[in-house]
Each structure stands twice: as structure tokens, then as C-alpha cells.
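Values below: all heavy atoms of this structure, side chains included; hydrogens, waters and symmetry mates excluded. Letters A, B, ... are given to chains in the order of the sequence lines, protein chains preceding strands, and every chain is numbered from 1.
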2 protein chains.
Amino acid sequence: MTQIFKIDHTNCEDCPIRHRAVCANCDVHELELLEGIKYYRSFEAGQTIIWSGDQMNFVGSVVSGIASLTQTMEDGRTQMVGLLLPSDFVGRPGRDSAPYDVVATTDIVMCCFRKKPFEELMGATPHIAHRLLQMTLDELDAAREWMLVLGRKTAREKIASLLSIIARRDASIGQNGSSSPIVFDLPLTREAMADYLGLTLETVSRQISALKKDEIILLEGKRRVSVPDMGRLMEEAGDDSDGGYLV
Amino acid sequence: MTQIFKIDHTNCEDCPIRHRAVCANCDVHELELLEGIKYYRSFEAGQTIIWSGDQMNFVGSVVSGIASLTQTMEDGRTQMVGLLLPSDFVGRPGRDSAPYDVVATTDIVMCCFRKKPFEELMGATPHIAHRLLQMTLDELDAAREWMLVLGRKTAREKIASLLSIIARRDASIGQNGSSSPIVFDLPLTREAMADYLGLTLETVSRQISALKKDEIILLEGKRRVSVPDMGRLMEEAGDDSDGGYLV
DNA sequence: CGCGAGTTTGACCTGCCTCAACTAAAGTGG
DNA sequence: CCACTTTAGTTGAGGCAGGTCAAACTCGCG
């Protein structure tokens, strides 16, 4: 329950997510307005940020760390329905209660706004509303892509899909071409991965071992993954958009 | 490929989806603007309305009929990622190419707008942008609820979930209390149901037979379903939000 | 050192898939 | 009007991917 306030007061201009979050399109004036109503909150890994069904009285952006959206059935089966990375938005303007739990997967810092003032501000500044629509449409696409993963992919493909996704944005791709190996740390436990992929943690573990044996990935400890050939990993994922650089 | 134009020109005021579609919040003036750029298109059951990857040069609302959003892997595995019912919106302002196929499941009529003029109009009329955000947030919630179905539910629960969803809005619930039986027609073939649920059509067929044998549902022919006790069906779905009326 | 959280691995089991045969209803055309 | 095909759905038999249960291993930490 302890909340740690690591960030005292950061100027929006210097904010690491300035150009990707809801505020991305804001001009200097709009930024001032936001700056007036924002406040930071920190959560420790494992803490629940919002409980499903609870009243939500704030919205906000993930500044650093990772959170997950989780749905749970009465008998305890759980399904992660989204992964929130820095710059992702939490909460629903115009909606009172949360439809799922939001849990801090790692230590996390959020830039929050009380819902009411934010909604008012949104009415006044179309830039924010517009950006939020864009972000929501992106999330919808991501959710639908994940439906294909959950509904039709094999366990091995599921693991490969998750690794590709994490690799794609966690390791800053782009500067290096195709061949140089990509290295990153898994931000999720095996259990969390299982919850995301609709598998059991045993199956996750087995498939990771299998991918390692087949040298699709290399492991350093339990969490550090390196991918010698991104193309092969994406083939395993069944995505096979031909990587772009294979053509 | 034949397109049938059934609707010559319908006044927006008389439109059956007037109060649920993107235009729901529009005032008379805004409605006039929309009326100026709208046009109707009809598609026969089975026609593909938009191909994945294609340039989208229009957006629009489903007026009548049902369409489905479908993703396909190279080896042919397919997953339906959304069901579009009357008043649902198709297309992405600010996005060029479609991320998935949109297929007419039944004969369907759409109210379309060329994308460019619509986007301009959206910039000028916040009501539309706001409504679109609300609808997109709703779709996102629906997609995430479906992720739980795909990732964690058994075949029987999946079928029950699908039937509940169709029952909930297809048969106009609300006027009748809990006990009077709900009757509706399945708008989907067994195969389409399988694609939606991440199952095979054989499993769908078997589970429907099983639900019938257990008298959770009754069948009249292959498509007409009646649900004697909605509460029991929802229990089978594992949703068990206790139906609301059980409390 | 001993504990516990996270992970791996093994052995067995089962729910769903696969393949295949069959039925029902609805055209189609001679 | 009846054989023939087509399309949608049902049902059965058998196999396998992934779940379940259980044991052991690793590693950081008090």
C-alpha cells in the first residue's frame, strides 16, 4: 500500500513521454493547462492501481514502468487483456467504473489528472481529444491482433509472438539492421506471461526452453533474452510479415 | 460483386440508427452537413466490403445487417475479431489501410462517407469526434472481454458466451422480465461461430448439441434458438454476473 | 544456512482437433 | 417430378497439444 513519490515536480517539456502520450499534440498553452492539474503517483511492483468495478476518479499516463490490465473469473482463471507501457493511457473519460484490474507489473510512475478537470479540459482542447482517439484506435488494433494470438496460435507461436512484441519496442530496433542480435529483459514472470497468452505457466516454461534448444533465442539467467535472428523469431510467431527486410 | 441499392435516399431524421451511430449527438445543423456527404451502399451476404491491407477511402455505419472483422494467417487459420451490428462504425479516420477484412455476414446496408470530407467534418464538429471516441472505447471493452473468452474459457463456456451476447441485444431484452423465454435467430453459420470463438466447427456443433441436450437452449431447425432461462445460460458462460435480476 | 519465490522438468490425463462418414435441406435441370 | 449436386450441420473414432499434479532446482535474502 506504500506509495513512493520519486518524482517531485517535472516540467512537461522535459517529460520522457512528452511526444508519445495524450499530450503529444498539445501546444505550449495547452501544456500549461495540463501542467496545472497534473500530479505524479508511484506504485510498487505488484500493487493494484485500480480495482475492477471501482470508481475511477483519475486518469493518467504511464511515465515509467509497466502495468497490466487483467480480467478475472470467479473461479480464479485470469486473462491479461493489455500491457501498459510508458506513454500509454489509463482510464476512460466519460466512464465511471473500471472494467478490469490495473496492476503494476514493475515499479511504476504515473502522471495523473483528476477525471473531472481532465474531461473539462478535453472538451476545450480538441488536440487532446484527437490524440486520445488515435491512441484508443491503436489499442483497439492491438487488442484485435491479440485475439488472433489467443484464438488461433499454438503455444510455441504464442510465446514467439510475445517475445517479438517485447523485442520490437523494448530493444530500440531500427538503428541496427537485421542481423545484429537484439537483447532485452523480460518484464514479466512466467505466470504473467501465461496470463497474457492464455496458457499455463508450465507450458510457457516448456516452450521457452524449446525455443532456446532450437536456438531461436538465447537465455542469460531467467529473464535476459537475446534474439540472434529476428526474422526466425517472427517466422515462429506465424506473423511472417516477411520482416520487411527479407524482401 | 453485384451491389444492390435498396435505399434511395433516406432522411437522417428517419434513420433507424439515428440515435446510436456516430451521428447520435449531432444537432440539426451538423446532421445537415453529414447528410450532404453521405451515400448508401449495399452488399450481399458473403461479399467482402474491405480487404485487409487495402486502401480505405470511405468510412461509415452499418444501417442494417451484420458484418464481421476477420484476420487470417498465411496458412488459412482465421480469427474473427469483431462483429459489426447496426449502428457500429467501420473505418479509421486518420488511417489509410485496413488492418483486417470486413465481410458482410448477412445482406447489409451501410451509410458511407468518403474519408477525406468526413475527417474534415470531424475536425469541425466535436460532437462527432466525441461520439466516435465513446464508441471506440466501447469496442475496446468488448474486444478485451472477448480476449477473456478466447484465452480462458472452455468450448462450452465459449458457446454459451456467444449465445448470451447475441441474445442480449438481438432479442430485445428489457421489456420482458427474467422468466419469459428469449428467442432469436443465429446470424452466423457454425463455421463463422467457430472463427469467432477460436474453435473448430465440429466442436461448435457438438457443444450446441450438448447445451440442447441439457436443456439450456432449445432449437427450432438449425438456426432458431430459444433460451428458457437466461440465468442458466449465463451461468454456463461463466460470466455469472448474477444476471442482475437474481439479487 | 534455511527459506521462499520463481522456474524447470517429468509423467500422466483430457479437451479439443482431425479425419471421415453420414444426414438434412435446398436448389438445378432434364 | 424426380435424380443429382451443393451447402450446412451432425456425429463418431482416435490422436495429440496443452493442462494437471508433483517433484526438484536456482537464487537472492534474512
Side-chain angles (χ1 to χ4, degrees), chain A residues 44-47 68 73 75-79 103 105-107 149-163 185-214 217-225 236 238, chain B residues 44-47 68 73 75-79 105-106 149-163 185-214 217-225 236 238:
Chain A
E44 285 178 6
Q47 268 190 286
S68 61
M73 296 171 68
D75 61 8
R77 281 177 283 175
T78 73
Q79 175 66 50
V103 182
T105 295
T106 65
D107 288 352
V149 172
L150 291 174
R152 291 303 185 192
K153 292 195 177 178
T154 64
R156 170 181 264 243
E157 289 170 333
K158 284 179 175 183
I159 297 288
S161 298
L162 179 57
L163 294 178
D185 279 314
L186 285 173
L188 302 173
T189 65
R190 300 290 186 262
E191 188 178 17
M193 294 172 71
D195 284 344
Y196 200 15
L197 295 166
L199 298 170
T200 59
L201 85 185
E202 294 96 328
T203 299
V204 169
S205 183
R206 273 186 252 273
Q207 296 299 336
I208 288 182
S209 299
L211 288 175
K212 178 182 162 193
K213 187 161 68 68
D214 298 345
I217 60 172
L218 307 174
L219 287 184
E220 232 180 280
K222 308 290 184 192
R223 293 296 189 87
R224 172 146 297 209
V225 178
E236 292 290 345
Chain B
E44 287 178 4
Q47 269 190 285
S68 60
M73 296 171 67
D75 62 7
R77 280 176 284 174
T78 72
Q79 174 66 51
T105 294
T106 64
V149 173
L150 291 174
R152 291 303 185 192
K153 291 195 177 179
T154 65
R156 171 180 263 244
E157 288 169 334
K158 284 179 174 182
I159 297 288
S161 298
L162 179 57
L163 294 178
D185 280 314
L186 286 173
L188 302 173
T189 65
R190 300 290 186 262
E191 188 179 17
M193 293 172 71
D195 284 344
Y196 201 16
L197 295 167
L199 297 171
T200 58
L201 84 184
E202 293 95 328
T203 300
V204 169
S205 183
R206 273 184 253 274
Q207 295 299 335
I208 288 182
S209 299
L211 288 175
K212 178 181 163 193
K213 187 161 66 70
D214 298 344
I217 59 171
L218 307 175
L219 289 183
E220 232 180 282
K222 307 293 184 191
R223 294 294 192 87
R224 171 145 299 208
V225 178
E236 292 290 346

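Residues passing the salt bridge (Lys or Arg N to Asp or Glu O under 4.0 Å) test with A:R224, sequence neighbours excluded: A:D185. Judged as a salt bridge (Lys or Arg N to Asp or Glu O under 4.0 Å), and not counting sequence neighbours, A:R190 has no contacts.
Between A:E236 and A:R156 there is a side-chain heavy-atom pair separated by less than 4.5 Å. A:I159 has its side chain within reach of A:L163: a pair of non-hydrogen atoms, C-beta onward, lies under 4.5 Å apart.
Classification of B:D195 and B:R77 as a salt-bridged pair fails, no side-chain N sitting under 4.0 Å from a carboxylate O.
Following rounding to the nearest Å, A:E157 (CD) and D:dA17 (C1') show an atom-to-atom distance of 12 Å. Counting to the nearest Å, the P atom of C:dC16 and the CG atom of B:L197 are 12 Å from each other. Summarising the geometry, the separation between CD on B:E191 and P on C:dC17 is reported as 14 Å, rounded to the nearest angstrom. Atom CG of A:D75 is separated from atom P of D:dT20 by 11 Å (rounded to the nearest Å). When the P atom of C:dG6 is taken as reference, atom CG of A:D195 falls 13 Å away, rounded to whole Å. With rounding to whole Å, A:I159 atom CD1 is found 13 Å from C:dT7 atom C1'.
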Polar atom pairs (N or O), protein with nucleotides 8-15 of chain C, under 3.5 Å:
| from | atom 1 | to | atom 2 | distance (Å) |
| --- | --- | --- | --- | --- |
| C:dT8 | OP1 | A:R190 | NH2 | 3.0 |
| C:dT8 | OP2 | A:R190 | NE | 2.6 |
| C:dT8 | OP2 | A:S205 | OG | 2.7 |
| C:dT8 | O5' | A:S205 | OG | 3.1 |
| C:dT9 | OP2 | A:S209 | OG | 2.8 |
| C:dG10 | N7 | A:R206 | NH1 | 2.9 |
| C:dG10 | O6 | A:R206 | NH2 | 3.2 |
| C:dA11 | N6 | A:R206 | NH2 | 3.4 |

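Heavy-atom neighbours of B:E191 CD from other residues, nucleotides or ligands within 6.0 Å: at or below the threshold of 12.
In this structure, A:G46 reaches neither bases nor backbone, as no heavy-atom distance under 4.0 Å exists between it and the strands shown.
Residue A:L188 is the one, among B:T200 and A:L188, whose nearest nucleotide of DNA chain C lies closer to the 5' end (criterion: closest heavy atom).
Side-chain N/O atoms of B:R223 include one lying less than 4.0 angstrom from OP1 or OP2 on D:dG9.
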